[in-house]
Amino acid sequence: MPPEPDAVEPGAAVPDRARSDACPGALRLHTADDGALARVRLPGGLLTERQALALADAAEALGDGRAEITSRGNVQLRGLASDCGGELAERLRAAGLLPSDTHERVRNIVASPGPGAGPAEGSADVRAWARALDAALCASPWATGLSGKFLFALDDGRRDVAALDADVTLIAGPDGTALLRLGRAATARPVPAGRAVEAALDAAREFLDAQRAAGLRAWHLRELPDLLPPGPLPLPPSAGTRPPLGALPGGGLHVGLRFGVATAGQWRALVDAAEGELRLTPWRGVVLPGAPAGRLPALTAAGFRTGAGTAWDGASACTGLPGCAKSRSDVRADAARVLDEAPVLDKARALDETWVLNEGAALLPVHWSGCERRCGHPAGRRVDVLATGEGYRVAVTGGAQGRDTAVEVTNEQMAAAVAAARRTT
């Protein structure tokens, strides 16, 4: 993982941002213990079949043979040789994945991945927003002043990516309007849907101009919440609804990747199942619009998660050993053991035990971290599993309720402690 954690908890002190962020990109590689790391921005998580194959080929030819989906729907290639940057850039340009050398790190745009528009799936198809915002960012010289961590979210109305607390969020309305939310504000600015992209870009520039005038420097709008005026409209509280794994009600498929990682062979299996487009999600999954349900068995056999109701729902982990020298443990191997050993939950039992996400129940997300930086952890209330070198510390943390009492456990005790903590409401 890059050396700076990308999160500021509510109430925490504003970090010192006197230097530029060290966020990696496709041209700025990050040196890790397992080789160089490249992060390829994919605005809206959108990939053509040709582009997905290009990433799989690059991972196999230049890296460790795997491509990892990040919590922003981007792709990371790991295990790269330190001198492969030129060849990687050529491959990405040829596939249309590097439209701007100067702006490639600021193309951070997540979007609702649902396959269609309409009341059942959302109020708007935000793919056009994503493409327009990406083009506008790349055409704006001032936008290079944004941090490589600054995030735009484009929500089609179902409040799925709005729950990510991006720096600038657009939420589509059912009546040709949109709401513009700044950071974690509880209010929003109304804007016509026809100028929503322009309004989002204006907000980002307003943020840069305001902090420059104040003599401040921040990576995220949430670090300086009082810098810009809030919107006049209160936002209704909503946790949002992520697309379920498996066959989607509006058509297409949604599959999950364990910790977001897939081999080059698995990426090719996704392309074989796709119908022209892949949409990577910030929940480390892939939506295949138009793909028939009959292709799910092959994807299951290829190692993808194709159904909910298991302990893997809402689970994530940092890179850990051997990829990160700061980690105290191979947290992904330890986490996978715990998650694989947990029982598969049928729906009735799951609801009784409040173990299912996004169905009105209260299973908490869980994140394993190899050190105190907690890279890649989700926002909000979660189970925090921190490697100590002698075992793990398990606590419920984040959100308005603060941090619960932590318990120190051995590797053997961790499964029971995590299961109990995830049932905490």
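Residue numbers start at 1 and run along the sequence shown. None of these values were measured; they are calculated from a predicted model.
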Next on the checklist: Could you walk me through whether Leu133 and Phe152 satisfy the side chain to side chain contact (heavy atoms under 4.5 Å, CB included) test, starting with their C-alpha distance in whole Å, then the side-chain angles of each, then the deciding distance to 0.1 Å, before giving a yes or no?
Outcome noted: CA-CA 9 Å; Leu133 180 56; Phe152 296 88; 3.8 Å; yes
Checklist outcome for this item: The side-chain hydrogen bond (donor to acceptor under 3.5 Å, both in side chains) partners of Ser112 (sequence neighbours excluded) come to Asp156, Asp160
Next on the checklist: Looking at Gly285, is its backbone amide N or carbonyl O close enough to the side chain of Thr281 to form a donor-acceptor pair, meaning the two atoms are under 3.5 Å apart?
Outcome noted: yes
Checklist entry - Only one of Arg284, Arg422, Arg305 clears salt bridge (Lys or Arg N to Asp or Glu O under 4.0 Å) with Asp313; which? => result Arg305
Next on the checklist: Looking at Glu104 and Ala26, would you say the former's side chain and the latter's main chain have a donor-acceptor pair under 3.5 Å?
Outcome noted: yes
Checklist entry - If you take all heavy atoms of Ala204 and Val168, which pair is closest and at what distance? => result N-CG2, 4.4 Å
Item to check | Residue Arg295 excluded, over 12 heavy atoms near CZ under 6.0 Å | outcome: yes
Item to check | Salt-bridge contact Arg205-Asp202 (side-chain N to carboxylate O under 4.0 Å) | outcome: no
Item to check | Test log, rule side chain to side chain contact (heavy atoms under 4.5 Å, CB included), inputs Leu97 and Leu55 | outcome: CA-CA 9 Å; Leu97 291 169; Leu55 288 171; 3.9 Å; yes
Item to check | Pairwise side-chain contact, Ile171 with Arg159, heavy-atom cut-off 4.5 Å (strictly under) | outcome: yes
Next on the checklist: For Lys149, is there an ion pair with Glu223 - N to carboxylate O distance below 4.0 angstrom?
Outcome noted: no
Checklist entry - Are Leu245 and Thr306 side-chain neighbours, meaning at least one heavy-atom pair lies under 4.5 Å? => result no
Checklist entry - Any ion pair linking Arg184 and Asp165 (charged N to carboxylate O, less than 4.0 Å)? => result yes
Next on the checklist: Between Asp340 and Arg258, does any side-chain N to carboxylate O distance fall below 4.0 Å?
Outcome noted: yes
Next on the checklist: Suppose we call two aromatic rings close when their centres sit under 6.0 Å apart. Are Phe259 and Trp368 close by that rule?
Outcome noted: no
Next on the checklist: Taking the basic N atoms (NZ, or NE/NH1/NH2) and the acidic carboxylate oxygens, is any pair closer than 4.0 Å for Arg328 and Glu372?
Outcome noted: yes
Checklist entry - Backbone N or O of Pro289 within a donor-acceptor pair of the Glu275 side chain at under 3.5 Å? => result no
Checklist entry - Taking His103 for the side chain and Ser140 for the main chain, is one N or O donor matched with an acceptor at less than 3.5 Å? => result yes
Checklist entry - Do any N or O atoms from the side chain of Asp167 and from the backbone of Leu221 form a donor-acceptor pair under 3.5 angstrom? => result yes
Next on the checklist: salt bridge (Lys or Arg N to Asp or Glu O under 4.0 Å) for Asp64 and Arg78? Distances and angles first, verdict last.
Outcome noted: CA-CA 6 Å; Asp64 64 4; Arg78 300 190 67 101; 5.4 Å; no
Next on the checklist: Pairing donors with acceptors under 3.5 angstrom, does anything connect the side chains of Ser329 and Asp334?
Outcome noted: yes
Checklist entry - What pair of heavy atoms forms the shortest contact from Leu253 to Pro292, and how long is it? => result CD1-O, 3.4 Å
Checklist entry - Arg107 versus Pro99: any side-chain heavy-atom pair under 4.5 Å? => result yes
Checklist entry - Is the backbone N or O of Asn411 less than 3.5 Å from a side-chain atom of Arg337, with the two atoms forming a donor-acceptor pair by type? => result yes
Next on the checklist: When you compare the side chains of Thr397 and Asp384, does any donor N or O come within less than 3.5 Å of an acceptor on the partner?
Outcome noted: no
Next on the checklist: Walk me through whether Thr144 and Thr102 qualify under side-chain hydrogen bond (donor to acceptor under 3.5 Å, both in side chains).
Outcome noted: CA-CA 7 Å; Thr144 59; Thr102 55; over 6 Å; no
Checklist entry - Partners of Thr177 by side-chain hydrogen bond (donor to acceptor under 3.5 Å, both in side chains), sequence neighbours excluded? => result Asp175
Item to check | Glu90 with Arg93: basic N within carboxylate O range, under 4.0 Å | outcome: no
Checklist entry - Under the salt bridge (Lys or Arg N to Asp or Glu O under 4.0 Å) test, which residues partner Arg131, sequence neighbours left out? => result Glu277
Checklist entry - Arg268 and Glu60: salt bridge (Lys or Arg N to Asp or Glu O under 4.0 Å), yes or no, with the steps? => result CA-CA 12 Å; Arg268 294 185 182 108; Glu60 206 164 48; 2.8 Å; yes
